[in-house]
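Input: a single structure, listed below in structure tokens.
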Amino acid sequence: MLQISQIVTEKERVIEGLKKRNFPNVEQVLDQAIALDEKRKSSQQSLDSNLAEANALAKEIGGLMKAGKREEAEAIKSKTAELKSASKELAEAKDQVEKELLALLYTIPNVPHPSVPSGNTDEDNEVVKTVGEAPKLHAGAVPHWDLIKQYDIIDFDLGIKITGAGFPVYKGKGARLQRSLVNFFLDEAVAAGFSEVQPPIMVNEASGYATGQLPDKEGQMYHVGNENLYLIPTAEVPITNLYRDVIVSEDQLPIKHTGFTPCFRREAGSWGAHVRGLNRLHQFDKVEIVQVCKAEDSYKALDDMCNHVASLLEKLGLQYRILRLCGGDIGFTSALTFDFEVYSAAQEKWLEVSSVSNFETFQANRLKLRYKDENKKIQLLHTLNGSALALPRIIAAILENNQTPDGINIPEVLVPYTGFDKI
RNA sequence: AGAGGAGUGGCAGAGUGGUCGAAUGCGGCGGUCUUGAAAACCGUUGUACCGCGAGGUACCGGGGGUUCGAAUCCCUCCUCCUCUGCCA
């Protein structure tokens, strides 16, 4: 959520940024927010002076009662009734304005970083660089959805039986490959200085709001109604929320965490013929990296996180490219996002396997995640996160790219984890 | 899940209707003393909003209520502890 103070003091920059996102009626919405804020201030002023008066009278009554001057006290009491009802009305008015303002602010996305290209769809994303080469597959090479059947390592039909579409069952070497990748990614993240956490995979409403999934993506999360909890769409939610309502001390920064969790996404409306096999699932595994740092350090941190993701893909020997997301494709909460895509050679398609974002203060403002600077001034921190990495599409690419007529080769770095070098 | 108890500032812990944003201790910060440190002593030490400022308002787990006045009384929710039950 943007700070209202940001909207007031940097209105032009906000307008320019939101236009890049094609956010409709920018000026109108911002003016409305500013007007509501003014209304909020004035209603607080009248409420406060009203309360101050009432407090003074109450004290006076207290003093008189103690002095035994009952009658004088009673006389003053009669004066308070009016103040009381006025206070109630003023408080309601103030709450109402605050709610309206908050509801409006919830609808405003983050201001993109100046380097974010304008554009409408993923077609307009900027390819920053492409690393590695596409493997040359043998004549009979097939997509991963055929390979998983051929080698009996991932079973979609069984998943459909016990749960539904998009919930595959990993079997034998498929299950082992998945576990190996999780361990490999966690080990690499820990080696890069991210401390490991295992968070809950259901979160409450407050957590969903704080990282921005609510109310924006309400329909995309699975909701556990009898407990009013949400299944996490990404470990970003619980891990970032570890720092909700926290004022950290400067020497704790930067905070770096990694965590492995399953992720759940309803993917309402995004299913189609182009989505096959492991390309899109309702439940998948992911290792996430999260960072909290000072404003002046956050873009360096973003770079570091991107380099970490790149190193993973290089170690796995996968061709990949990095995209700078355009204004139309960047997430609601993000200021700058780099997507990583691996080339899936049999599908002849680029698959997104990581998204690394800097949210600047957008999440921190909702989280109330702050620190005290050297002048003892309390400042919002910046939050960042990235996938490192999401498993299913990595598995798809490994299977497709490393297939040979007599088996699938396992990348060398994984062999110590899998215990086998071929499927 | 049932019965009982409890949630107060960074921590510990007082306060059960009136000048309480809240005693006291510890911790933190600043200072005196010291060659330096420790000890001792003195001072200081929450957050948010409004206001140019003086200052004001709110916050004692969350929400609601009673009252001129609530940390204190009532209702409700949440969390923790103890006992009983159940269980991976």
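Labels below follow one simple rule: chain letters A, B, ... track the order of the sequence lines, proteins then strands, and each chain is numbered from 1.
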Subject >> By salt bridge (Lys or Arg N to Asp or Glu O under 4.0 Å) - contacts of A:Arg370 (at least two apart) >> reply: none
Original post:
With the threshold set at 4.0 Å, does a side-chain nitrogen-carboxylate oxygen contact exist between A:Lys94 and A:Glu98?
Top reply: yes
Original post:
When you compare B:G13 with B:C49, how far apart are their P atoms, in angstrom units rounded to a whole number?
Top reply: 32 Å
Subject >> Watson-Crick or G-U wobble partner of B:G43, both distances under 3.5 Å >> reply: B:C29
Subject >> Taking every non-hydrogen atom, the tightest pair across A:Pro254 and A:Cys293 >> reply: CB-CB, 3.9 Å
**OP:** Using whole Å, report how far CD1 of A:Ile247 lies from P of B:G46.
**Re:** 11 Å
**OP:** Output yes when A:Asp304 and A:Lys300 qualify as a salt bridge under the 4.0 Å nitrogen-oxygen rule, no when they do not.
**Re:** yes
Original post:
Do A:Arg266 and A:Glu218 meet the salt-bridge criterion of a basic N to acidic O distance under 4.0 Å?
Top reply: no
Original post:
Does B:A37 pair with anything, Watson-Crick or G-U wobble, both distances under 3.5 Å, and if so, with which nucleotide?
Top reply: none
Subject >> Side chains of A:Phe264 and A:His282 in contact at under 4.5 Å (non-hydrogen atoms) >> reply: no
Subject >> OP1 or OP2 of B:U47 under 4.0 Å from side-chain N/O of A:Arg370 >> reply: no
Original post:
For RNA chain B, whose closest nucleotide is more 5', that of A:Lys41 or that of A:Thr80?
Top reply: A:Lys41
Original post:
For A:Lys84 and B:G69, is the shortest distance between a side-chain N/O and OP1 or OP2 below 4.0 Å?
Top reply: yes
Subject >> Same-atom distance (C1') from B:A1 to B:C74, integer angstrom >> reply: 27 Å
**OP:** Please measure how far the C1' atom in B:U44 lies from the corresponding atom in B:G9, and state the result in whole Å.
**Re:** 15 Å
**OP:** Considering only atom P, compute the distance from B:G65 to B:A54 and round it to an integer number of Å.
**Re:** 34 Å
Original post:
So which nucleotide does B:A88 pair with, by the Watson-Crick or G-U wobble rule with both distances under 3.5 Å?
Top reply: none
**OP:** Please figure out whether A:Ile61 or A:Ala56 has its closest RNA chain B nucleotide nearer the 5' end.
**Re:** A:Ala56
Original post:
Looking at A:Phe332, is A:Lys217 sitting on its ring face, NZ or CZ under 6.0 Å from the six-membered ring centre and within 45 degrees of the normal?
Top reply: no
Original post:
Below 4.0 angstrom from OP1 or OP2 of B:C50, is there any side-chain N or O of A:Arg40?
Top reply: yes
Original post:
Which residues, if any, of residues 42-54 of chain A bring a heavy atom under 4.0 Å of RNA chain B?
Top reply: A:Gln44, A:Gln45, A:Asp48, A:Leu51, A:Ala52
**OP:** Establish, with yes or no, whether the OP1 or OP2 oxygen of B:C68 is under 4.0 angstrom from a side-chain nitrogen or oxygen of A:Asn55.
**Re:** no
Subject >> OP1 or OP2 of B:U47 under 4.0 Å from side-chain N/O of A:Lys372 >> reply: yes
**OP:** Can you measure from CZ (A:Arg280) to CD (A:Glu267) and round to the nearest 0.5 angstrom?
**Re:** 4.5 Å
Subject >> Rounded distance (Å) that lies between atom C1' of B:A48 and atom CG of A:Asn365 >> reply: 13 Å
**OP:** Both distances under 3.5 Å, Watson-Crick or G-U wobble: report the partner of B:C80, or none.
**Re:** B:G5
**OP:** Calculate the interatomic distance between A:Asp37 atom CG and B:C49 atom P; express it in whole Å.
**Re:** 11 Å
Subject >> B:A70 versus B:U79 - spacing of their C1' atoms, nearest Å >> reply: 23 Å
Original post:
Rounded to the nearest Å, what distance is computed from the NZ atom of residue A:Lys88 to the C1' atom of nucleotide B:U67?
Top reply: 13 Å
Original post:
How far does the C1' atom of B:A14 sit from the matching atom of B:A71, given to the nearest Å?
Top reply: 12 Å
**OP:** Please give the nucleotide sitting opposite B:C49 as a Watson-Crick or G-U wobble pair, both distances under 3.5 Å, or none.
**Re:** B:G56
**OP:** Find the distance A:Glu98:CD to B:C59:P and express it as a whole number of Å.
**Re:** 14 Å
Original post:
Are any of the side-chain nitrogens in A:Lys19 or A:Glu16 under 4.0 Å away from the carboxylate oxygens of its partner?
Top reply: no
Subject >> Base-pairing mate for B:C68 - Watson-Crick or G-U, with both contacts under 3.5 Å >> reply: B:G18
